[in-house]
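Keep in mind the model is a prediction, meaning the values are calculated, not measured.
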Amino acid sequence: MTDKTYQLVATAASGLEALVGKELKDLGIPCQVENGRARFEGTMETIATANLWLRTADRVKIVVGEFDAYSFDELFEKVKALPWEDLLPFDAEFPVAGKSIKSKLYSTPDCQAITKRAIVNRLREVYHRPASVPLPESGAFFQLEVALLKDHVMVTLDTTGPSLFKRGYRLEKGGAPLKENMAAALVLLTNWRKDRPFFDPVCGSGTLCIEAALIGHNIAPGFNREFAFEAWDWFDSSVVEKVRAEAEEQADYDIELDISGSDINGRMIEIAKANAEEIGLGDSINFKQLAVKDFSTDKEYGVMVANPPYGERLGDEEAVRELYKEMGQVFRPMKTWSKYILTSDLSFEQYYGEKATKKRKLYNGALRTDLFQFWGERPPRKPRTEEEG
């Protein structure tokens, strides 16, 4: 059964789908990028690999079935026709989540209830249970979803459990934390490479720096946590062990990284240090209490990534715009550095004092934000040695 092929999707926040697609391709997994997800297929090993390695996705799901449905009878019959016994044991606990957008079957609770009833009926027949006796639902947990979009139904089984952004290292967080997968996305959207300095001037609980260090050391973001599929008796545990062992081998703990973060709030610096220690990266990141206006460096060709407070997000708009001005005064003169700043304040450039090279629209949760990119000068090309020809 380990070589059985599953239809899969990796879900993603709006604006990050292409990054998820690139990550899958870098893992050697061909995929198709769509709105809110990337589609691919693979075996148990693919499921384990995607969960362990995807930095920017939310979840990895098995597509149990897809079809069009225009009536509740049709929904019931088509869900019931799916081979549920291949996935759900007799005692499975299987809640059904749901959503319906622009579909004739617009009542989400009804869609959920009918899907559940259809699965129960199928399992009763397969496991020879009388209708008068409810299924126990006392075993492993299988989160299902029935999602309708323009009368097209996709029924999925979540293999991940708590969202992939829950890496397991965040002991504490600040007042407006950046999710770990969003932080990883911000790092991957920059031109940062492992041999260049990385700096976050408003580091809060340290998430951007920690995600950069995970990328720099090539550490799988999911190595510190467990996934829903690991509790399923049909999922071969030796496959998971193999994928985890390979991930451990691929990690480069010896590389020297230049990653630092600062924050005006000393309490946040303590939290950031504790979070970095929790994931074993305390020695890879230098955290320091420092106001933005007091920052200076003689390093060149670095990358600065920041998620400063937005006026609507943390209090006072005036104070936030003062911070944007300070950021401009400190960072504008650093011509060899590339700067990437995420904010929902569309007038950010006005206060920073420079037009961005490029802007990219991203959603931080439900909040529309822009990643303002200021590209620095390129480092001079190293002259080729005679050996390199």
Side-chain angles (χ1 to χ4, degrees), residues 174-178 183 186-187 189-213 215-216 256-276 281-311 313-343 345 348-357 369-379:
L178 196 62
L186 294 185
V187 177
L189 286 169
T190 73
N191 60 350
W192 180 66
R193 294 197 309 274
K194 303 173 186 191
D195 58 351
R196 298 172 73 172
F198 180 97
F199 175 59
D200 177 359
V202 282
C203 70
S205 58
T207 311
L208 275 163
C209 294
I210 293 169
E211 290 298 322
I215 291 165
E256 288 282 327
L257 299 173
D258 183 352
I259 296 175
S260 55
S262 63
D263 200 284
I264 197 167
N265 183 335
R267 166 95 181 108
M268 292 315 299
I269 292 298
E270 293 309 310
I271 290 171
K273 285 179 178 174
N275 288 342
L281 294 172
D283 295 336
S284 298
I285 308 166
N286 179 34
F287 288 114
K288 185 178 178 186
Q289 183 178 3
L290 189 73
V292 168
K293 61 180 170 41
D294 296 327
F295 174 76
S296 65
T297 184
D298 52 8
K299 293 173 186 173
E300 292 198 303
Y301 304 107
V303 172
M304 184 272 281
V305 186
N307 174 43
Y310 324 146
R313 192 183 67 150
L314 275 183
D316 184 7
E317 195 175 277
E318 233 173 275
V320 166
R321 288 181 166 172
E322 190 54 42
L323 173 66
Y324 297 162
K325 280 183 194 166
E326 286 173 8
M327 289 177 95
Q329 285 157 8
V330 171
F331 296 116
R332 272 199 327 271
M334 293 162 54
K335 297 297 182 193
T336 68
W337 281 64
S338 291
K339 286 83 74 168
Y340 298 81
I341 299 152
L342 185 77
T343 173
D345 190 337
F348 170 77
E349 291 156 306
Q350 181 189 327
Y351 296 95
Y352 184 81
E354 187 182 349
K355 280 289 282 179
T357 316
T369 60
D370 280 275
L371 181 63
F372 292 88
Q373 306 172 37
F374 303 87
W375 298 347
E377 294 167 9
R378 287 174 173 233

Start with the C-alpha gap between L342 and N307, add the side-chain angles, then the distance that decides, and say whether side-chain contact (heavy atoms from CB on, under 4.5 Å) holds.
-> CA-CA 5 Å; L342 185 77; N307 174 43; 3.7 Å; yes
Hey, does [Y] have a side-chain heavy atom less than 4.5 Å from the side chain of [X]?
X    : Y    : result
K299 : W337 : yes
L371 : L189 : yes
T297 : M334 : yes
P201 : F199 : yes

Using the side chain to side chain donor-acceptor pair (under 3.5 Å) rule, take Y301 and R196 through it: C-alpha gap first, then chi angles, then the decisive distance, then the call.
-> CA-CA 7 Å; Y301 304 107; R196 298 172 73 172; over 6 Å; no
Can you name the closest pair of heavy atoms from [X] and [Y] and give their distance?
X    : Y    : answer
C209 : D200 : SG-CB, 3.9 Å
L281 : A213 : CD1-CB, 3.8 Å
C203 : I269 : SG-CD1, 3.7 Å
G204 : A272 : O-CB, 3.7 Å
Q329 : P333 : O-CD, 3.3 Å
L323 : P308 : CD2-CB, 4.0 Å

Anything under 30° is parallel, anything over 60° is perpendicular, the rest tilted; go ahead and classify F348 against F372.
->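 The arrangement is tilted - the two ring planes meet at 30° to 60°.
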Nearest-0.5 Å distance that lies between atom [atom1] in [X] and atom [atom2] in [Y]:
X    : Y    : atom1 : atom2 : value
Q289 : D263 : CD    : CG    : 8.0 Å
L257 : S284 : CG    : OG    : 5.5 Å
R332 : K325 : CZ    : NZ    : 11.5 Å
E270 : F287 : CD    : CZ    : 11.0 Å
E354 : F374 : CD    : CZ    : 5.5 Å
L186 : I341 : CG    : CD1   : 11.5 Å

Output yes when a side-chain donor or acceptor of [X] lies under 3.5 Å from a complementary backbone atom of [Y], and no otherwise.
X    : Y    : result
K339 : F331 : yes
S338 : G376 : yes
N275 : S205 : yes
Y340 : N191 : yes
E211 : A183 : no

Evaluate side-chain contact (heavy atoms from CB on, under 4.5 Å) for V292 paired with V202, printing each intermediate quantity in order.
-> CA-CA 7 Å; V292 168; V202 282; 4.0 Å; yes
Looking at residues at least two apart in the chain, or sitting in another chain, which of them share a side-chain contact (heavy atoms from CB on, under 4.5 Å) with L290?
->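 L290 satisfies side-chain contact (heavy atoms from CB on, under 4.5 Å) with S262, D294, F295 only.
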Pairing residues for A274 by the side-chain contact (heavy atoms from CB on, under 4.5 Å) criterion, not counting sequence neighbours =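 Expected list: L171.
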Report, as yes or no, whether the 6.0 Å neighbourhood of atom NZ on K293 holds more than 12 heavy atoms from other residues, nucleotides or ligands.
-> no
Go through the steps for I285 and I210 under the test side-chain contact (heavy atoms from CB on, under 4.5 Å), then give the verdict.
-> CA-CA 8 Å; I285 308 166; I210 293 169; 3.8 Å; yes
For W192, which residues count as a ring-ring contact (aromatic ring centres under 6.0 Å, His included) partner, sequence neighbours excluded?
->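 Once residues adjacent in sequence are excluded, the partners of W192 under the ring-ring contact (aromatic ring centres under 6.0 Å, His included) criterion are F198.
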Using only heavy-atom distances, determine whether the side chains of D345 and Y352 contain a donor-acceptor pair under 3.5 Å.
-> no
Kindly indicate, with the supporting measurements, whether the criterion side-chain contact (heavy atoms from CB on, under 4.5 Å) is fulfilled by V305 and T190.
-> CA-CA 8 Å; V305 186; T190 73; 3.7 Å; yes
